[in-house]
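Residues take their numbers from the sequence shown, with the count starting at 1. The model shown is predicted, which means the values in this text are computed figures rather than measured ones.
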Amino acid sequence: MSGGISATTVALAATAAVGAYAAIQSGKAQSRQLEAQAQQQSNQAAYEKDAAVAQAEKIRKAATQQQASARSQLAGSGVAVGEGTAVTINDTIDLNAENDAQTALLTGSRRSNSLNTSAASYSGAAGDALTGGYLNAGATVLSAAATIGKGWSGTNGAGSGGLGTGVTAPSNALSIR
């Protein structure tokens with residue numbers, strides 16, 4: 001090869017470049033995948049919250065219907081619906097329904113919070129994957145540079161006309177005139 005660089009040195013440099021590129025691309029791919037999983041978890045969290053609100057509304061609506069039915073039955077049997085037992089029945093239905101609605105909201109909120117925590121973990125892992133890809137790329141380049149450097153400064157001819165890779169150049173090939 002011209003310029004005193006051996007085929008081995010070129011091959012090592014090319015291998016390092018390809019390895020570094022592959023490490024970066026792998027890190028980017030992992031990062032994209034983890035970000036997609038984070039988004040999926042965030043979407044599921046929002047769905048859980050919406051589902052809990054919808055469930056609470058269904059419970060409240062059912063309570064209203066149950067109260068109307070109870071008032072109708074009580075009125076049909078001649079009981080005054082605005083006092084005494086009728087009011088107690090109505091209040092009990094309302095209290096039980098609100099407890100159920102609040103339980104549905106709390107459960108949905110807990111699921112949502114758990115999914116949001118999972119999403120945050122995926123986002124953090126995505127950043128770590130990207131950083132890891134760049135660090136692996138740097139390690140690949142440094143490893144190749146160290147290998148090439150050993151050839152240039154090793155005991156196999158460097159400094160006495162050798163290029164450190166088994167190729168020998170004339171003693172004045174590297175001198176500046």
Trainee: Taking atom CG of Leu106 and atom CG of Asn99, what is their separation to the nearest 0.5 Å?
Mentor: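 If I round to the nearest 0.5 Å, the distance is 11.5 Å.
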
Trainee: Looking at every non-hydrogen atom in both residues, tell me the closest pair between Ala129 and Ser31 and how far apart they are.
Mentor: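 Nearest pair, atom of Ala129 first, then Ser31: CB-N, 4.0 Å.
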
Trainee: Look at the side-chain heavy atoms of Ile, Leu, Val, Met, Phe, Trp and Tyr, link any pair under 4.5 Å apart, and say whether Ile93 and Val79 land in one connected group.
Mentor: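 Same cluster.
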
Trainee: Give a yes or no on whether the backbone of Arg110 and the side-chain of Ser114 come within a donor-acceptor separation of less than 3.5 Å.
Mentor: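 Looks like no, no N/O pair under 3.5 Å.
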
Trainee: If you take all heavy atoms of Gly108 and Ala52, which pair is closest and at what distance?
Mentor: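 Closest approach of Gly108 to Ala52: CA-CB, 3.5 Å.
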
Trainee: Same hydrophobic cluster for Ile59 and Val53, using side-chain heavy-atom links shorter than 4.5 Å among ILVMFWY?
Mentor: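 Ile59 and Val53: separate clusters.
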
Trainee: What is the distance from atom OG of Ser42 to atom CG of Leu115, rounded to the nearest 0.5 Å?
Mentor: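 Result: 8.5 Å between the selected atoms.
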
Trainee: Considering only heavy atoms from C-beta outward, does the side chain of Tyr47 approach that of Arg111 to under 4.5 Å?
Mentor: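 They are not in contact (no side-chain heavy atoms under 4.5 Å apart), so the answer is no.
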
Trainee: With side chains defined as the heavy atoms from C-beta onward, is the minimum distance between Leu105 and Gln102 less than 4.5 Å?
Mentor: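 Yes, their side chains come closer than 4.5 Å.
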
Trainee: Does Leu74 offer a backbone N or O that forms a donor-acceptor pair with the side chain of Ser77 under 3.5 Å?
Mentor: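 Confirmed, Ser77 side chain pairs with Leu74 backbone.
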
Trainee: Say you draw a straight line from OG1 of Thr147 to CG of Leu12; how long is it, rounded to the nearest 0.5 Å?
Mentor: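 Thr147 atom OG1 to Leu12 atom CG measures 6.0 Å (nearest 0.5 Å).
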
Trainee: Got a donor-acceptor contact below 3.5 angstrom from the Ser69 side chain to the Gln65 backbone?
Mentor: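 No; judged by distance alone, with no hydrogens or angles, the pair does not exist.
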
Trainee: Exactly one of Ile89, Thr88, Leu95 should register a side-chain contact (heavy atoms from CB on, under 4.5 Å) with Thr92. Which one does?
Mentor: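 The passing option is Thr88.
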
Trainee: Under the criterion side-chain hydrogen bond (donor to acceptor under 3.5 Å, both in side chains), I'd like the reasoning laid out for Gln44 against Glu48: C-alpha separation, chi angles, the key distance, then a yes or no.
Mentor: CA-CA 6 Å; Gln44 184 66 28; Glu48 289 290 339; 3.1 Å; yes

Trainee: Is any NZ, NE, NH1 or NH2 atom of the basic residue among Glu57 and Arg60 found under 4.0 Å from an Asp or Glu carboxylate oxygen of the other?
Mentor: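 Salt bridge present between Glu57 and Arg60.
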
Trainee: Ignoring hydrogens and angles, tell me if any N or O in the side chain of Thr107 forms a donor-acceptor pair with the backbone of Thr103 under 3.5 Å.
Mentor: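 Between the backbone of Thr103 and the side chain of Thr107 there is a qualifying donor-acceptor contact (under 3.5 Å).
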
Trainee: Walk me through it: do Gln30 and Ser26 pass the test side chain to side chain contact (heavy atoms under 4.5 Å, CB included)?
Mentor: CA-CA 6 Å; Gln30 287 175 349; Ser26 176; 4.1 Å; yes

Trainee: Can you check whether Ala139's main-chain N or O pairs, donor with acceptor, with Ser143's side chain at less than 3.5 Å?
Mentor: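 No.
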
Trainee: What closest approach, in Å, do Ala45 and Ser112 show between heavy atoms, and which atom pair accounts for it?
Mentor: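 Scanning both residues, the minimum pair turns out to be O-OG, 3.2 Å.
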
Trainee: Would you call Tyr122 and Gln41 a side-chain contact if the rule is heavy atoms closer than 4.5 Å?
Mentor: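 Yes. Closest side-chain heavy atoms under 4.5 Å.
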
Trainee: With rounding to the nearest 0.5 angstrom, report the CG to OG distance, Asn113 to Ser118.
Mentor: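 Asn113 CG to Ser118 OG: 12.5 Å, rounded to 0.5 Å.
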
Trainee: Could you grab the distance from atom CD of Gln67 to atom CG of Asp91, nearest 0.5 Å is fine?
Mentor: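 So the gap between those two atoms works out to 8.0 Å.
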
Trainee: Do Thr9 and Ser6 get their side chains close enough for a donor-acceptor pair, meaning under 3.5 Å?
Mentor: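 Judged by distance alone, the side chains do pair up.
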
Trainee: For residues Ala137 and Ala23, report the shortest heavy-atom separation together with the two atoms involved.
Mentor: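 Closest approach of Ala137 to Ala23, heavy atoms only: N-CB, 3.6 Å.
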
Trainee: Taking all atoms of both residues into account, what is the closest heavy-atom pair of Ala97 and Ala63, and its distance?
Mentor: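 Taking every non-hydrogen atom into account, CB-CB, 3.0 Å.
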
